[in-house]
Peer 1: 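Take this structure first; my questions come after.
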Amino acid sequence: MGLRRAGPTPCSTNPQGLLDAELPLDRAPHEALVTAVLAWKDPDLAPSDYEQIALQLTGHARAVAADVRRLAAALPKSDGRGALAEVVLRETEGRLAAPLKGTAPCVQSRARLVRSLYTRLDRLTEPAPAAT
């Protein structure tokens with residue numbers, strides 16, 4: 001399903017995908033795709049083209065969500081960023097469960113989801129706010 005992460009991909013000798021668990025996401029091309037999709041005014045693509053783009057964004061959303069889940073699980077229970085991540089992950093699961101449609105609104109919804117996940121991922125990788 002396209003580029004998921006930079007570097008090697010899992011294969012039959014790595015059924016759990018553990019080898020690429022620490023590789024960074026191939027973020028730049030997906031962010032560019034998200035930006036382009038969200039800038040659409042009146043695209044005129046075939047339904048199969050919309051479906052392919054939606055599949056690409058769906059796969060990437062799952063990869064980013066896995067990173068968000070991993071980072072949130074490593075936080076202390078007292079860190080509110082973990083609770084916020086759980087809310088985003090629950091919403092993500094619901095949105096990814098919706099069937100794909102060969103339409104621009106469906107693709108744009110997946111693009112907004114990827115953008116939201118990256119926002120949460122970035123907040124999880126920032127230093128914890130100082131207690132006051």
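It should be emphasised that the depicted structure is a prediction, and the values quoted were computed from it without experimental measurement.
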Peer 1: What residue pairs, at least two apart or across chains, pass ring-ring contact (aromatic ring centres under 6.0 Å, His included) with a residue in residues 85-112?
Peer 2: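 ring-ring contact (aromatic ring centres under 6.0 Å, His included) check on residues 85-112 returns no pairs.
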
Peer 1: Which heavy-atom pair separates L124 from A85 by the least distance, and what is that distance?
Peer 2: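 Where L124 meets A85 most closely, the heavy atoms are CD1-CB, 4.1 Å.
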
Peer 1: Do you know which two heavy atoms are closest between S116 and V88, and how far apart they sit?
Peer 2: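 In terms of heavy atoms, the two residues are closest at OG-CG1, 4.2 Å.
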
Peer 1: Between atom CG of L45 and atom CD of Q52, what is the distance when rounded to the nearest 0.5 Å?
Peer 2: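 Rounded to the nearest 0.5 Å, the CG-CD separation comes out at 12.0 Å.
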
Peer 1: Quick one: list whatever passes side-chain contact (heavy atoms from CB on, under 4.5 Å) with L38, sequence neighbours left out.
Peer 2: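 L38 satisfies side-chain contact (heavy atoms from CB on, under 4.5 Å) with V34, Q108, A111, R112, R115 only.
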
Peer 1: Counting only heavy atoms not in D122, do more than 12 fall under 6.0 Å of its CG?
Peer 2: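 Yes - once you tally the heavy atoms of other residues, nucleotides and ligands closer than 6.0 Å, there are more than 12.
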
Peer 1: If I take atom CZ from residue R70 and atom CG from residue L75, how far apart are they, to the nearest 0.5 angstrom?
Peer 2: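 With rounding to 0.5 Å, CZ (R70) is 11.0 Å from CG (L75).
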
Peer 1: Roughly how far, to the nearest 0.5 Å, is CG of L33 from CG of L57?
Peer 2: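 L57 CG to L33 CG: 4.5 Å, rounded to 0.5 Å.
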
Peer 1: Keeping to residues at least two apart or across chains, list the ring-ring contact (aromatic ring centres under 6.0 Å, His included) pairs with something in residues 66-120.
Peer 2: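 Residue pairs with at least one partner in residues 66-120: H60-Y118.
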
Peer 1: Can you measure from CD (E86) to CZ (R69) and round to the nearest 0.5 angstrom?
Peer 2: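 Taking CD in E86 and CZ in R69, the distance rounds to 7.0 Å.
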
Peer 1: Measure the CG-OG1 distance between L113 and T92 for me, rounded to the nearest 0.5 Å.
Peer 2: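 Result: 4.5 Å between the selected atoms.
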
Peer 1: Who are the side chain to side chain donor-acceptor pair (under 3.5 Å) partners of D42, not counting sequence neighbours?
Peer 2: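 Checked D42 against side chain to side chain donor-acceptor pair (under 3.5 Å); zero matches.
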
Peer 1: Please confirm whether the backbone N or O of E126 pairs with a side-chain atom of R81, one donor and one acceptor, at under 3.5 Å?
Peer 2: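 Side chain of R81 to backbone of E126: a pair is present.
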
Peer 1: Give every donor-acceptor pair under 3.5 Å between a side-chain atom in residues 94-102 and any protein atom, sequence neighbours left out.
Peer 2:
residue: R95; atom: NH1; partner: E91; partner atom: OE2; Å: 3.0
residue: R95; atom: NH2; partner: S109; partner atom: O; Å: 3.0

Peer 1: Between atom OH of Y50 and atom CG of L55, what is the distance when rounded to the nearest 0.5 Å?
Peer 2: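 Those atoms lie 15.0 Å apart.
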
Peer 1: Applying ring-ring contact (aromatic ring centres under 6.0 Å, His included), which residue pairs with at least one partner in residues 94-117 are found, sequence neighbours left out?
Peer 2: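 As it turns out, there is no ring-ring contact (aromatic ring centres under 6.0 Å, His included) pair with a partner in residues 94-117 once direct neighbours are skipped.
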
Peer 1: Determine, step by step, whether Q56 and H30 satisfy the side-chain contact (heavy atoms from CB on, under 4.5 Å) criterion, reporting the C-alpha distance in whole Å, the side-chain angles of both residues, the deciding distance to 0.1 Å, and the verdict.
Peer 2: CA-CA 9 Å; Q56 180 69 30; H30 289 91; 2.8 Å; yes

Peer 1: What closest approach, in Å, do A61 and V114 show between heavy atoms, and which atom pair accounts for it?
Peer 2: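 Heavy atoms of A61 and V114 come nearest at CB-CG2, 3.9 Å.
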
Peer 1: As a quick check of understanding, evaluate side-chain contact (heavy atoms from CB on, under 4.5 Å) for V87 and R90, giving each step before the final call.
Peer 2: CA-CA 5 Å; V87 170; R90 278 193 302 275; 3.5 Å; yes

